[in-house]
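Notes to accompany the following structure.
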Amino acid sequence: MTTPVTGAGAPALRRGGRARRKARWTFDSISFFLVFLGLPLALFLLLVIWPFVQAVFYSFTNWGGFSQDFDIIGLANYQRLVNDATFKTALGNNIKLAIVVPLVVIVIAMIFATLVTVGGRGIGQTIGVKNSGFYRVVSFFPYVIPAVVSGVIFSKVFDPSNGLLNGLLPEGLRQNWLGQVSTALPSSMFVIIWGAVGFYMLLFIAAIKAIPAETFEAARLDGAGRMRTMWSITIPSIRENIQTAWIYLGIAALDAFVYMHVLNNSGGPDNSTLVMPQYLFRLAFSQNQFGYASAVGVAMAVVTLVFAGLVFTINRLTGGTTRSS
Amino acid sequence: MTDSRSTITRRSVLRGALFTAAAVPFGVTLASCATGGGGGDDDPTTDGGGDATEPADASNPFGIEEGSSVETVIFNGGYGVDYVEFAAEIFNEMWGGEATVEPTTEITAALQPRFVAGDPPDLVDNSGAQSMGFGAILDQLEDLTDVVDAPNLEGTPIRDTLIAPNVLDSGVYDGKLAAINYVLTVYGVWYSKSLFDANGWTAPTTWAEALELGAAAKEQGKYLFAWGKEAATYYQTLAIDSAIKQGGDEVRLALENLEEGCWSLDAVQAVFSAMKEIVDAGYVKPGGSGTFFTDAQAQWSLDQDALLYPSGSWIENEMKDNTADDFQMMGVPAFVVDDSSALPATALHSEAGEPFIVPSDAANVAGGKEILRIMLSKEAATNFAKTKLAPTVIADTVPEDGFGSTALVSQVEMLAAAGSDTFTHKFVGLYGLNQAQLVVWNAFLDGSKSVEELTSDLQAITDEARNTQEVIPVS
C-alpha cells in the first residue's frame, strides 16, 4: 500500500544510480543518454530557449516584422510599456483572472471531487454519492469541447437580444452580458471556469483515490464529519496536487487568449476584458510593431514567473506547519 | 518503490509547471519571429522578369519570358480565388507557362517569413483581417504605374478603361502606386426599399432627416440603427464620410495625416453631435456592444428591427442567407449635416479594395504584372462582375439589370450620381487603429460616452499612432 511520501527512498536510488554510471560507459548507457537526455535537451534549446533569447533581443529593437531592417533602440520599448495605459489595463485584467479563476475552479472541483469519491453514505465502505460514475463523466464534458467552440457557444448564450440566458431571466435581470463593463469580465470568467472545472475535478479524484481508505475510515471512527474529513484529511493529503492545479490555472488565466479573443475580440467594453496576449497580438499583427510586442511578451513572461514563484512561496510558508502537525 | 516513483512524478510535474510558466507567454510572440540567419541580401534591385530591357512590344509590355512560371498568393475571402484562376488560365494559354494560385485566409502568417527571407511570391492579394500592413512592406513593393499605363488585352491603355481617374488612389502610398485595388466597394447606408415603400418613408440624406426617420421608426416599435461589437467602427466610417462631405478635403487630409486636433474640426463635431442626438433619443437598438456583428446585421436584414445599416457594399453578399424575402436592398451615400456642405449630398465614399501587390524581390516580377494586366482587361473584369455581383475598377462591366441585384444597380447609380465627387480614406487600416477605436465606438453607441469623450479618446488613439509609427503623408 502507498504510504505518505517521506523522501527517504529517493536519495538511496540516486546514490545507487551514480555508482552504476561511474562503473562503465557502455554503448547502452551512452545511447540512452543521447536519446533521452541529449535529444530532448537539443529540441528544448532550439525550440524554446532560442526563441526566448530572440524575443528578448527583438524587444530592444523597433523591428516592424516584414524586413531585415531594424534599429536597436535600447530600453525605449520598456519605457513606453511602463507608461502604456492599455497595457496596464490588460495586466490588471490578467491579474484579476489569475486570482479569481484558480480560486473558483479549485473550490468547485474540490467539492465535486469529494462528493463523487468520499461524500457518500456515512457508514460502511467509503464511497461517493449515488450515481457518482455518471456525474464524473458528465462533469468532464465541458473540458472535451475546444475552448474556441465553448467561446462561440457562450457568446450566443450571452447575446442580449436573442440569447438563451436573457431568454430565461425575467425582464428586470436581463443584461447586456458581454457588452457592459460591470458584467463583461465576470461573464468571461464564468466561461473559463465552466470549461476548466471538469479536468481539475478529475485530477483531484485521482489524487483522493490514492489516499488510503483506512485513513478516512479511521477519521470516521474518531467521529469526524464530512467537512472535517475534507479539511483535515483530504486537503492536506493532496495539497501538492492543489498547488500544481493552482499554477496551471494561473498560467491559463494569465494567457486566457482563446476565450477572450472569441468572446470579445476587440477587448470588451472599455477594454475591460483585454488580456496581455490579445494586446500583444494586436500590436504585432495589426499594428506591425513586433519589437514593442516582444517587449510585451517579455513582460508577460516576467509576470508569469513571478506568479509561479508566489504560489511556491505561499505553499512553502503554509505547507511546513501542516506537515509537522 | 511506489514512493520514489511518486516523488519523481511530482517533481517533474512541478518542474514542468515552471517551464510551462516560462514558455507560455513566449509562444505567442515567437511563433513567427525570426529574421535571424536568413542571410537575405539587402540589395533592392529586381533580379527577375528582365524588365531592365525596355520592351516596346505592346503585346508584351513587361518583357515576359515564354514559358515562365508565376506564383500568386490570393486572399480567399468573400470573393474566392476563382477570378484569379480565370486570369491565370489566360496567362497559361498566352505564354505557355505555369501560373499557380495559392488561396489563403492568413496572408500575414503565410507571407511574413517569406518577405523577411527576401523570397516573396510574384503577386499577392493582400486583403482580409490578417493582411500585411502597408506601412511595413511599402519599400519592398513595385510601383505599379507601368501596369496602368500598359494596354489591356484588347489594346486600350488600362488607364482609359478605369471607372474614374482617381479610383486607384486608395493604392497610392507616399506617391507610389504600391497596390492596385481591383474590386470597387461603395460605402453608404443600406435599407430595404420594399419596407420603405410600404411605409412611405424615403431614405434620409441629412442627419436631421435621419432623426425624423428615427421617430417614425420608433412609432412602429423599430429602431433606426443597429450595431454589432466587432463592427461598431462602421459608424465611425459613416461619421468620417459625413464629415468629409460636410467639411471638404481639409477634413480628409487632417484625419489621414493624423494631425493634432483632427477630431475636433467643426465638421467632425457637427456629425458627432447629430449622432449623439440619435443615440440619446433611443433610436439605436441597445445591446450592440454585446452582440456578434453578423447577428446584429441580421436584426436589420432579417428581423428588420432596424431600418438602416451603414456598411460597405459587401453587405448584400455577406447577408445573402440572412435577408428577408423581397428585401430589395438599396443604398444612399453618407448623410451631410446641412445644405452648406462642401461636397454635394451625392458625393460618395467609394474605395477600390482587394489590393494586389507585386513584391520587388519576387522571382518573376514581370509575370506578376502580366497577371494583373490580364485581370484588368475587359474579359476578366466582366467575368468578375458577373460571377461576384460586384463592380471592379474597370468601367462598363455591369449591365442595366445588375445581373438581378438591386444593390448592384444601386451601387452603379450612386457612382454615376457622384461623378467625380468620390473620395476615400485609409488611415484606420494603414495604422491598425480599428481595434482600439472599436472600444470607443462601442461605448459611444451604448450611450455611455459623450461627444467630448468620444473626441478625446479618438484623438488619443490618433496621437499615439503619430508618435509611435512612421506617418506616411497624404495630400
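All values reported here derive from a predicted model rather than from experimental measurement. By convention in this document, chain letters (A, B, ...) are assigned in the order of the sequence lines, proteins followed by strands, and residues within each chain are numbered from 1.
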Do the non-hydrogen side-chain atoms of S161(A) and Q299(B) ever get within less than 4.5 Å of each other?
yes
Which answer fits Q140(B), side chain, backbone, both or neither, if we ask what part of it has an atom under 4.5 Å from a heavy atom of chain A?
side chain
Within the 4.5 Å heavy-atom criterion, are R282(A) and N434(B) side-chain neighbours or not?
no
Can you tell me which portion of A136(B) sits under 4.5 Å from chain A's heavy atoms? Options are side chain, backbone, both or neither.
both
Taking every heavy-atom pair that is under 4.5 Å apart, which of V181(A), N62(A), D159(A), L254(A) has the most such pairs with chain B?
D159(A)
Rounded to the nearest 0.5 Å, what separation is found between the CG atom of D69(A) and the CG atom of D139(B)?
7.0 Å
If you look at every heavy atom in N288(A) and G133(B), which pair is closest and at what distance?
ND2-CA, 3.2 Å
Taking every non-hydrogen atom, the tightest pair across S266(A) and V439(B):
O-CG2, 3.5 Å
Side chain, backbone, both or neither of N162(A) within contact of chain B (heavy atoms, under 4.5 Å)
side chain
Donor-acceptor under 3.5 Å (Q287(A) side chain, L433(B) main chain)
no
So what's closer than 4.5 Å to chain A heavy atoms on A436(B): side chain, backbone, both or neither?
both
Per-residue contact mode, Q175(A) against chain B (heavy atom under 4.5 angstrom)
neither
Which heavy atom of G290(B) sits nearest to which heavy atom of P160(A), and what is that distance?
O-CD, 3.3 Å
Residue L263(A) versus chain B: region with a heavy atom under 4.5 Å:
backbone
Measuring from E230(B):CD to N265(A):CG, what's the distance to the nearest 0.5 Å?
5.0 Å
So do L178(A) and F292(B) actually touch side chain to side chain, heavy atoms under 4.5 Å?
no
If you count the non-hydrogen atoms of other residues, nucleotides and ligands that lie under 6.0 Å from CD in E470(B), is the total more than 12?
no
In Å and rounded to the nearest 0.5 Å, what is the CG to CD distance from L283(A) to Q435(B)?
11.0 Å
Quick one: do Q112(B) and F290(A) satisfy side chain to side chain contact (heavy atoms under 4.5 Å, CB included)? Show the steps, please.
CA-CA 12 Å; Q112(B) 194 227 359; F290(A) 279 79; 3.7 Å; yes
Drop me the distance from Q180(A)'s CD to D446(B)'s CG, to the nearest 0.5 angstrom.
7.5 Å
Testing the basics here: between S289(B) and N264(A), what is the closest heavy-atom pair and its distance to 0.1 Å?
O-OD1, 4.5 Å
